[in-house]
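The block underneath contains the structure these notes are about, expressed in structure tokens.
Both backbone and side-chain heavy atoms feed into the values below; hydrogens, waters and symmetry mates do not. In what follows, chains carry the letters A, B, and so on, assigned in the order in which the sequence lines appear, proteins first and then strands, with residues in each chain numbered from 1.
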Protein chains: 2
Amino acid sequence: MLSKKSKYAIIALIHLAKRYGDGPIMIGRIAEDENIPKKFLEGILYELKNSGIVNSHRGRSGGYYLIKKPQEVYLAQIMRLFDGPIALIPCVTYQYYEPCPECKDEKTCSIRHVFKEVRDATVEILKKATLAEMIRIEEKLIKQL
Amino acid sequence: MLSKKSKYAIIALIHLAKRYGDGPIMIGRIAEDENIPKKFLEGILYELKNSGIVNSHRGRSGGYYLIKKPQEVYLAQIMRLFDGPIALIPCVTYQYYEPCPECKDEKTCSIRHVFKEVRDATVEILKKATLAEMIRIEEKLIKQL
DNA sequence: TTAAACTATACTAAATAGATAGACTAAATA
DNA sequence: TATTTAGTCTATCTATTTAGTATAGTTTAA
């Protein structure tokens, strides 16, 4: 399951992406608009800042804003930041590789083979899902109502 | 991530599927061959029995055996049994549906839309992955060595 | 100079994961 | 029929993670 941290991060980033170029948005504003506990969101935005996706200004009329372009931030990246690997078993991750302790031979492991397929399919979808694309999808869904 | 329970269940079921029709296999045998803690595996096989995938005989020469055909047991089913829904957010599951508390409008939610795609792609792969198919994949991988 | 807003660390409650313990029941066989 | 073997079933334990709160700052614009 996607953690609340990832979910809130995605929601907050979409919020910022919709206002890309408008200057800093206050944490309290985002928290209220998006129904996210403010204190919790503070920590999330702080991590997003440390990883170079957003930036902030302090003090009065401060807030957070996106520094990457909305079409350059994709969900896979955000999820990896907060939840770690996207793969469902550690032996098919690139960045967090670990062998399965009970595995007899990784090269012939059918479980690994299937979960690698799952991982590849998932990553393909989550790399296409940029913030810009998320906004586009929402607009499309609204039109269809 | 896949839980150890699901992983061990899949391994044990593949073990039984390879010996389908050979009569009961002891828990201790499976545990030793597959490097799974025996007591832990007991509980797992017990759950698999209660959900009608395997059956068992007690006493001397007892053990577990598959009652469903290897081509009728697929990974999605095993994972749902031990780990719950395959979807990454509860608003796109069929069997465990729950609305996201922070969601403003489910019908136009782009996050939901993308994670529904992920879910569908994952389920498609995990439904094809029957025990019979897992054995076939392993054989293919061995030949390729 | 003050209040709004971010920075940083630490803490806690609840849930879950991974496993173990132990008493019990059934079946085979010597 | 006594004994051994192996599954049955419930309970417990411990460590980790998750989700969220608390507190004590520091910056900066108005």
Original post:
Can you check the B:Glu102 CD to D:dA19 P distance for me, whole Å?
Top reply: 11 Å
**OP:** Could you say whether A:Arg58 or B:Asn50 is positioned toward the 5' end of DNA chain D, judged by the nucleotide with the nearest heavy atom to each?
**Re:** B:Asn50
Original post:
So, is B:Lys49 close to the D:dT8 phosphate, meaning a side-chain N or O under 4.0 Å from OP1 or OP2?
Top reply: yes
Subject >> Phosphate OP1/OP2 of C:dA4: any A:Ser61 side-chain N/O under 4.0 Å >> reply: no
Subject >> Other residues, nucleotides, ligands: >12 heavy atoms within 6.0 Å of A:Glu124 CD >> reply: no
**OP:** List the steps, then state whether salt bridge (Lys or Arg N to Asp or Glu O under 4.0 Å) holds for A:Glu133 with A:Arg136.
**Re:** CA-CA 5 Å; A:Glu133 178 64 11; A:Arg136 213 187 57 76; 3.1 Å; yes
Subject >> Sugar-phosphate only, base, or nothing, as touched by A:Ile27 at under 4.0 Å among non-hydrogen atoms >> reply: sugar-phosphate
**OP:** Write down the distance between NZ (A:Lys39) and P (C:dT12), rounded to a whole number of angstrom.
**Re:** 17 Å
Original post:
Does A:Arg60 or A:Ser56 map to a spot on DNA chain C nearer the 5' end, using the closest nucleotide for each?
Top reply: A:Arg60
Subject >> Non-hydrogen side-chain atoms of A:Lys38 and A:Glu32 separated by less than 4.5 Å >> reply: no
Original post:
Roughly, in whole Å, what's the span from CD in B:Glu42 to P in C:dA19?
Top reply: 14 Å
Original post:
Between A:Phe40 (CZ) and C:dT12 (P), how many Å, whole number?
Top reply: 18 Å
Subject >> Centroid-centroid distance, A:His57 to A:Tyr65, less than 6.0 Å >> reply: yes
Original post:
Given atom OH of B:Tyr46 and atom P of D:dG7, what is their separation to the nearest angstrom?
Top reply: 14 Å
Original post:
Does atom CD of A:Gln144 have more than 12 heavy-atom neighbours, drawn from other residues, nucleotides or ligands, at distances under 6.0 Å?
Top reply: yes
Original post:
Base, sugar-phosphate, or nothing for B:Gly63, non-hydrogen atoms under 4.0 angstrom?
Top reply: sugar-phosphate
Subject >> For atom NE2 of A:His57 and atom C1' of C:dA4, their distance in whole Å >> reply: 15 Å
Subject >> 5' precedence on DNA chain C between B:Lys38 and A:Tyr64 (nearest-nucleotide basis) >> reply: A:Tyr64
Original post:
Starting at CG of A:Asp83 and ending at C1' of D:dT16, how long is that distance when rounded to a whole Å?
Top reply: 15 Å
Original post:
With respect to the phosphate group of C:dA17, does any side-chain polar atom (N or O) of B:Tyr8 fall under 4.0 Å of OP1 or OP2?
Top reply: no
Original post:
Pick the nucleotide of DNA chain D nearest each of A:Gly59 and A:Pro37; which residue has the one closer to the 5' end?
Top reply: A:Pro37
Subject >> Watson-Crick/G-U partner (both atom distances under 3.5 Å) of C:dT29 >> reply: D:dA2
Subject >> Atom-to-atom span, CE of B:Met26 to P of C:dA27 - whole angstrom >> reply: 18 Å
